[in-house]
Amino acid sequence: MKKALFIFLSAALGNILAANAQYYNTTGKHLYYETHNSRNNITRQSLSFVKQTEAGNDTLHITLADSVIPLNEEKKGFMSRQKIAYTQDNTIVYMMDETSMSDDMKIIMDNKEKEEEVMKKLSSEGCIYIVLHNRVRKGEKMKKSKYTFKAGPIKMTTTLNGEYQGFERLKTPAGEFDCIKLTYTMKANMLLFFSETVNITEWYAQGIGLVKSEEYENKEKTKTVKTLIDIKEPL
């Protein structure tokens, strides 16, 4: 009953907001992706769906659940979450924020006492995010964002800089989509002994969210491509 009610509310929400430029999964669809990593030449599949929605103060908050499908019975998959906010015709996709690290830790840790001990040593501030809407122009700069994570005396700072590449029609195994295309660079620095830069290109479609992403790690010379391969209605 609860599942049926959730699907109904998700569908109703999608119809109410259909005239607006929302760039996320509004109807409870199950989105299947295929991710290929050039370093280990492994291709994995994952499932993304809306886990929770909450409305307040003219903003709709969405939590997406991303579950990696195991390669075989011996290797377990894992799940992560991503937060999205829809406000004033803007879709805000959060990649890192002040609670994302703690949320992920709670998912992977099954010992409550150990979890509380670890969480006391972790802190963070700021957030890494991107903003999507139908008014973007090719060459327009994205708003810079910054996130700092601390684990005891160790601090790591991540920054995002990029620009919009306008609109592009993209064909994938799941179909053809009119997308916002954007390119950005994420740089992570930790003290003097660690630095990593990743160049990212992404395509987002209305009513879907992420359609494709390409990530290139400068240090490892590794390319990771994630592509939407199928869309299914929940059972």
Side-chain angles (χ1 to χ4, degrees), residues 3 6-7 10 13-14 22-37 39-40 42-54 60-73 75-86 91-110 115 124 127-132 145 147 149 158 160 170 172-175 177 179-180 182 184 186 188 198 200-215 217 222-235:
K3 184 176 181 180
F6 172 76
I7 294 172
S10 296
L13 177 64
Q22 71 277 11
Y23 286 83
Y24 59 89
N25 179 7
T26 60
T27 59
K29 299 183 183 76
H30 284 187
L31 308 179
Y32 290 86
Y33 294 89
E34 188 172 82
T35 302
H36 179 76
N37 184 284
R39 178 169 53 188
N40 50 29
I42 290 178
T43 299
R44 303 201 67 160
Q45 290 190 359
S46 61
L47 165 65
S48 177
F49 58 93
V50 177
K51 181 71 173 178
Q52 180 180 354
T53 60
E54 182 179 353
L60 179 66
H61 299 277
I62 306 103
T63 301
L64 295 180
D66 294 305
S67 178
V68 174
I69 301 172
L71 289 173
N72 52 56
E73 295 180 357
K75 295 184 178 181
K76 295 182 178 180
F78 60 91
M79 179 177 287
S80 62
R81 297 181 183 180
Q82 184 175 38
K83 297 176 183 178
I84 294 175
Y86 178 70
T91 300
I92 306 172
V93 181
Y94 293 94
M95 298 169 182
M96 300 178 184
D97 64 11
E98 294 182 0
T99 62
S100 60
M101 185 62 70
S102 59
D103 289 345
D104 288 344
M105 291 294 292
K106 290 175 182 178
I107 292 174
I108 64 176
M109 296 186 69
D110 54 6
E115 174 191 313
S124 61
C127 63
I128 297 290
Y129 64 93
I130 61 175
V131 179
L132 306 171
S145 53
Y147 173 80
F149 174 73
T158 304
L160 180 149
L170 188 68
T172 77
F177 305 90
C179 302
I180 288 180
L182 48 101
Y184 59 92
M186 291 184 67
V198 182
I200 302 170
T201 301
E202 292 181 330
W203 292 261
Y204 289 85
Q206 289 189 42
I208 298 294
L210 181 67
V211 171
K212 184 177 180 180
S213 71
E214 297 179 351
E215 300 185 7
E217 298 181 26
T222 301
K223 186 175 184 179
T224 302
V225 179
K226 182 176 182 178
T227 307
L228 181 65
I229 60 171
D230 199 7
I231 301 174
K232 294 182 179 179
E233 297 295 336
L235 298 177

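All values below were derived from every heavy atom in this structure, side-chain atoms included, with hydrogens, water molecules and symmetry-related copies excluded. Source: prediction; values computed, not measured.
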For E34, check side chain to side chain contact (heavy atoms under 4.5 Å, CB included) against everything at least two apart and list the hits.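 For E34 the side chain to side chain contact (heavy atoms under 4.5 Å, CB included) partners, ignoring immediate neighbours, are T43, Q45, I229.
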
Non-neighbouring partners of L47 that pass side chain to side chain contact (heavy atoms under 4.5 Å, CB included), sequence neighbours left out: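 L47 satisfies side chain to side chain contact (heavy atoms under 4.5 Å, CB included) with H30, Y32, F49 only.
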
Within the 4.5 Å heavy-atom criterion, are [X] and [Y] side-chain neighbours or not?
X: Y129; Y: D97; answer: no
X: T201; Y: E215; answer: no
X: D230; Y: L31; answer: no
X: L182; Y: Y204; answer: yes

Taking only residues two or more places apart in sequence or in another chain, which ones pass side chain to side chain donor-acceptor pair (under 3.5 Å) with [X]?
X: N37; value: T224
X: S48; value: D66
X: K226; value: none
X: Y94; value: none

Any chance you could measure [X], atom [atom1], to [Y], atom [atom2], to the nearest 0.5 Å?
X: K83; Y: I92; atom1: NZ; atom2: CD1; value: 13.5 Å
X: Y147; Y: M95; atom1: OH; atom2: CE; value: 14.0 Å
X: L210; Y: N25; atom1: CG; atom2: CG; value: 12.0 Å
X: T63; Y: E54; atom1: OG1; atom2: CD; value: 8.5 Å
X: I128; Y: S145; atom1: CD1; atom2: OG; value: 4.0 Å

Heavy-atom closest pair, residues [X] and [Y]:
X: T158; Y: A188; answer: OG1-CB, 3.9 Å
X: T227; Y: P173; answer: CG2-CD, 4.1 Å
X: L228; Y: T172; answer: O-OG1, 3.0 Å
X: F177; Y: A205; answer: CB-CB, 3.9 Å
X: Y184; Y: L160; answer: CD1-CD1, 3.4 Å
X: K29; Y: G207; answer: NZ-O, 4.1 Å

Apply the test side-chain contact (heavy atoms from CB on, under 4.5 Å) to residues E202 and I130: give CA-CA distance (whole Å), side-chain angles for both, the deciding distance (0.1 Å), then the verdict. CA-CA 11 Å; E202 292 181 330; I130 61 175; 3.9 Å; yes

Option from T91, L64, T53 for which side-chain contact (heavy atoms from CB on, under 4.5 Å) with Y24 holds: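 Testing Y24 for a side-chain contact (heavy atoms from CB on, under 4.5 Å) against T91, L64, T53 leaves exactly one candidate, T91.
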
Name all residues meeting the salt bridge (Lys or Arg N to Asp or Glu O under 4.0 Å) criterion together with K212; count only those two or more places apart in sequence or in a different chain, and write none if there are none.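 Counting only residues at least two positions away or on another chain, K212 forms a salt bridge (Lys or Arg N to Asp or Glu O under 4.0 Å) with E214.
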
With side-chain contact (heavy atoms from CB on, under 4.5 Å) as the criterion, how do T35 and V225 come out once you've worked through the C-alpha distance, each side chain's angles and the decisive distance to 0.1 Å? CA-CA 6 Å; T35 302; V225 179; over 6 Å; no

